[in-house]
Structures are given as structure tokens and as C-alpha cells.
Amino acid sequence: MQDHAVAQGGTLNSRASASTKCGSAEKPRISVVVQTLNEEKNIAFALQSVCGWADEIIVVDMHSEDRTVEIARQFGARVFFHERTGFVEPARAFAVAQATGTWVLLLDADEMVPQSLSARLREIASTDEADVVLVPMLNYLLGAPLQHTGWGPGQILYLVYFKPEFVKVQDRIHERPQTVPSARILKLEYNGKNAIIHFTYLNCAHFIEKLNRYTNIEARQALERGEERSYARILAAAAKIFARLYIRLSGYRDGWRGFYLSCFMGFYHVVKHAKLRELRSVGNAESVAEIYRKKAEG
């Protein structure tokens, strides 16, 4: 929660070390916001890709236990702290609220902004040709970039660059930022050089670990909403997800990665609803353990 956030560090220019000194004073100002949790292996690459042109870097850290905060400060980032919520959206919404720039760029710790894209983003800010920019993303999965499966840079654009007054950043899991009706929206069509580079899952275990954590949260939220679906609808939706990713969005062209990603995304839907049924019927693991204890004791 915001009450637990504490600002530390200085401005982008004043706190950077000699080897990582960042930023310029050009107008309008651009703020880059990053949320982190134990990202020491990634954060330097992300910040290095923006520190030469961003006017401000905001890092909201969820109490990392490694060198994430230390590295962020080396790049002159203003560091805030946020409680751990199990997903990034609350920390991201808080991070945007701390930004002072005319423009905000949302960046994850495992993402990088190539030089060609940064030049285009600065041009958009200086010419004021839009209020919100939808940006391509090149997603790497298990060591290679995806061009299809719904994760390809030419298939989906992400709302990550905007004037804060034209966007409401959501704090619920997997809910995308929402634009106000008056916003001028610019879509950057992928040209091979203008996509954010995103290094996603390292292996299948990494994917399943996050799937398990996220479906826990989504099941609880679905329970709060009173959501309920039949087995037929659950299976039909999972099959539809697979067909959409693997067939309609050409996942088969991404080889084995496209096949398994399509399977995992359909499975995600099934797991979420299995956990929802579990919560509604028997509660949590402790409740089931109590049932077993009573049964064992006769």
C-alpha cells in the first residue's frame, strides 16, 4: 500500500555515479517507471537502456533481498518501496503516481528499450503528436524471440508510453491501463527496430511457477466477484484459447515454443477455475488438512 512506500535516492542527474551518469534536461520531461522484486540480474540492462535519454527514473521496489536497490541507485533512480502483493499492478500504479515527467514510460526490469525506439519516443514527446502511444514488444521465450502465438511484435501493441493525465493505471492483476476518451492515441506499427525487448520465462518451470502464483490471485478475485462457470464453458474457453493462439495467430510458426505456450495459456484458464472451485467448496489448504485430521481421528 502507498502508506508503506518510502522515497529514497536523488534525481537522475545528481545521484548517478561517474560510470552510469544519466539524463539530460530536454523538455518535455520523460519519466521511466520500473517496479522490482529481486531483479539484480536484470535491472542494470533495463536502466542502462534508458538512462542516456530519460529525465527521471522511478524504481518502486517490493523489498528485494538482493542488490536490486543498490544497482538502481547507481543509475540515479529515485527509489520507493511498496509492500509485496504477489503481482506488479499495485506497485506500478504507485510508481506512476510518483513520476514528475510530462510523459511516462512503463518498463519492467526484464525489458530493454533499443536506441531506435528511444529516438522515436523522444520525437513524439517533442512534437506532441499524441497523448498515448501503443508500442510493439519483442518477447523472448525460453531463449528465442516469438514472432507469432499472440506474443509477436506485429500482433499486439502495449500501452506503455503516455501523458499521465490521459491514462488510469489499474491496480488489479493483469488489468491493462485505460485511456480517457479524449486521448489522442498513436499506434507504432512494428518495423523490426521499434519494439521494446522483453526477456520473459527462462524455462517451463519458471512459467509454471508464475502461472501457479497468478492463478491463486485470480481465483480469489473471481470468488469475490461471485464468478462461476460450468465445466463445459471452462473447457470450451480453454480450447478456444489454444485454437486462437496456435492456429489463428500462427503459433505453429513458432515451433515447439508456440505449441507449448498455447497449451499453457489454455491450461492457465482451467487452473484458475479449478482453484476457484476449490475455494468455494473446501476453502484453503488448512481447511482440507483439518478435514483430513478429523477423518484420521475417527
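The shown structure was predicted, so the numbers you read here are calculated from the model rather than taken from an experiment.
- With sequence neighbours left out, the side-chain contact (heavy atoms from CB on, under 4.5 Å) criterion links D110 to N42, D108, H198.
- In this structure, H206 and Y201 have perpendicular ring planes: the angle between them is above 60°, well past the 30° mark.
- Note: F259 and Y246 have perpendicular aromatic rings, judged against thresholds of 30 and 60 degrees for the angle between ring planes.
- Among residues two or more places apart in sequence or in another chain, the side-chain contact (heavy atoms from CB on, under 4.5 Å) test is passed with E278 by V282.
- Side-chain atoms of E290 do not come within 3.5 Å of backbone N or O of E286 as any donor-acceptor pair.
- At a cut-off of 3.5 Å, with distance as the only test, no side-chain donor of T149 or R257 sits close to an acceptor on the other residue.
- Counting heavy atoms from C-beta on, the side chains of N194 and P136 come closer than 4.5 Å.
- Look at E65 and R84 and you find a salt bridge, because one of the NZ, NE, NH1 or NH2 atoms lies within 4.0 Å of a carboxylate O, short of that distance.
- Of the possible polar contacts, none joining the R277 side chain to the H273 backbone as a donor-acceptor pair under 3.5 Å is found.
- Salt-bridge formation is detected for the pair R120/E129: a Lys NZ or Arg NE/NH1/NH2 atom is positioned less than 4.0 Å from an Asp or Glu carboxylate oxygen.
- The shortest side-chain heavy-atom distance between N212 and K275 falls under the 4.5 Å cut-off.
- Contact check for L261 versus L146: side-chain heavy atoms found under the 4.5 Å cut-off.
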Side-chain atoms of residues 157-169: list all donor-acceptor pairs with protein atoms under 3.5 Å, sequence neighbours left out, distances to 0.1 Å.
from : atom 1 : to   : atom 2 : distance (Å)
Y161 : OH     : L121 : O      : 3.0
K163 : NZ     : D128 : OD1    : 2.4
K163 : NZ     : D131 : OD1    : 3.1

